[in-house]
Amino acid sequence: PVFVVTFQFRFCRKCFLTAIRESGTHCPLCRGSVTKKERTYPKRALDVENSMKKASGGCRCCEKQVRFSWMRQHYKTCKKYQDEYGVSSIIPNLQISQDSTGNSRSKEVIVPLYSALVQPHPDGHPTFKCPLCQEANFTRQRLLDHCNNRHLYQIVPVICPICVSLPWADSNQVTRNLVSHLNLRHRFDYGEFVNLQLDEEAQYQNAVQESCHVNF
């Protein structure tokens, strides 16, 4: 955690630096001007660090009680968390997985290009290639059905093609269990609920405006 002295705000260091890199000199919370020194070397929020060392919370997936200062390390080894949210392909790049017959084997994670997973379609809706067998031209629902029918017990770290197609995608995000991930995250089309052509800030502003017209 870091502390922005100018505005007395506290942020995750990685999130703060990412926001500054995208927005220039503006605070991601109040849009005020952040000094060059704080943009480059934000101060550590020692009060938050100390609180995180003392307080504990439950893992969002396995519910194990972990000190907040160790929670990120726990997520790197929690299999339930990795199955649901995926893990970065940079840690580690050599995985122990199972083939279609259930035999354990080591497998190097290969991160494919966007174009290798997602194909454009004339009607504007993308189609996807199954990263487990390379069969192509699946809609979201057909890919979901295909993986449940053909790859239910195939545990191989791959890139989710549906995640890659989303505007906020991380092209290096790897999921250890594709079928579980699809069933948890992709049982609906995101386009039915959000405008995928708008960036995050525009969607946030739209949500705020719409909430003002809701009658309670």
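What you see is a predicted model, and the numbers here were worked out from it, not measured in a lab.
His181 and Thr175 make their closest contact through CB-OG1, 3.5 Å (heavy atoms, listed as atom of the first residue, atom of the second, distance). Closest non-hydrogen pair, Gly57 versus Met71, comes out as O-CE, 3.5 Å. For Gln173 against Ile159, the heavy-atom pair with the smallest separation is O-CD1, 3.0 Å.
Aromatic ring centres of Phe138 and Phe128 lie farther apart than the 6.0 Å criterion allows.
A continuous path of Ile, Leu, Val, Met, Phe, Trp and Tyr side chains, each step under 4.5 Å between heavy atoms, connects Ile20 with Leu29, placing both in one hydrophobic cluster. One hydrophobic cluster, built from ILVMFWY side chains closer than 4.5 Å, cannot hold both Met52 and Val2; they sit in different ones.
Between the side chain of Arg176 and the backbone N or O of Val156 there is no donor-acceptor pair closer than 3.5 Å. Of the possible donor and acceptor atoms, none in the side chain of Ser180 sits under 3.5 Å from a partner among the backbone N and O of Asn177. A donor-acceptor pair is defined here as one N or O able to donate and one able to accept, closer than 3.5 Å; no such pair exists between the side chain of Arg44 and the backbone of Phe3. Although no hydrogens or angles enter the test, the distance criterion places a donor-acceptor pair under 3.5 Å between the side chain of Arg39 and the main chain of Val34.
Atom-to-atom distance recorded for Arg150:CZ and Cys133:SG is 5.5 Å, nearest 0.5 angstrom. With rounding to the nearest 0.5 Å, the separation of CG in Leu182 from CD in Gln141 is 10.5 Å. Here CG of Asp189 is found 4.0 Å from CZ of Arg140. Values are rounded to the nearest 0.5 Å. Note that the CG atom of Asn137 and the CZ atom of Arg142 stand 7.5 Å from one another [nearest 0.5 Å]. In this structure, CZ in Arg60 is found 15.0 Å from NZ in Lys80, a value given to the nearest 0.5 Å. Interatomic distance, OG of Ser56 versus CZ of Arg67, reported as 5.0 Å (0.5 Å rounding).
The hydrophobic cluster around Leu46 extends to none of the other residues, as no ILVMFWY side-chain heavy atom falls under 4.5 Å of it.
In this structure, Phe11 and Pro1 have side chains that are not in contact, with every pair of non-hydrogen atoms separated by 4.5 Å or more. A heavy-atom distance below 4.5 Å is found between the side chains of Gln134 and Lys129.
A side-chain contact (heavy atoms from CB on, under 4.5 Å) with Cys160 is found for one member of Val174, Leu178, Leu143, Leu166 and no other, namely Leu178. Applying the side-chain contact (heavy atoms from CB on, under 4.5 Å) test between Pro42 and each of Val5, Leu17, Val4 identifies Leu17 as the sole match. Here the rule is ring pair (Phe, Tyr, Trp, His ring centres under 6.0 Å) with Tyr75, and of Trp70, Tyr81, Phe68 only Tyr81 fits it.
Side-chain atoms of Glu38 and Thr6 include a donor-acceptor pair closer than 3.5 Å.
Heavy-atom neighbours of Gln65 CD from other residues, nucleotides or ligands within 6.0 Å: above the threshold of 12.
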- Query: Would Cys62 and Lys79 satisfy side chain to side chain contact (heavy atoms under 4.5 Å, CB included), going step by step from the backbone distance to the final call?
  - Reply: CA-CA 9 Å; Cys62 73; Lys79 187 177 185 301; over 6 Å; no

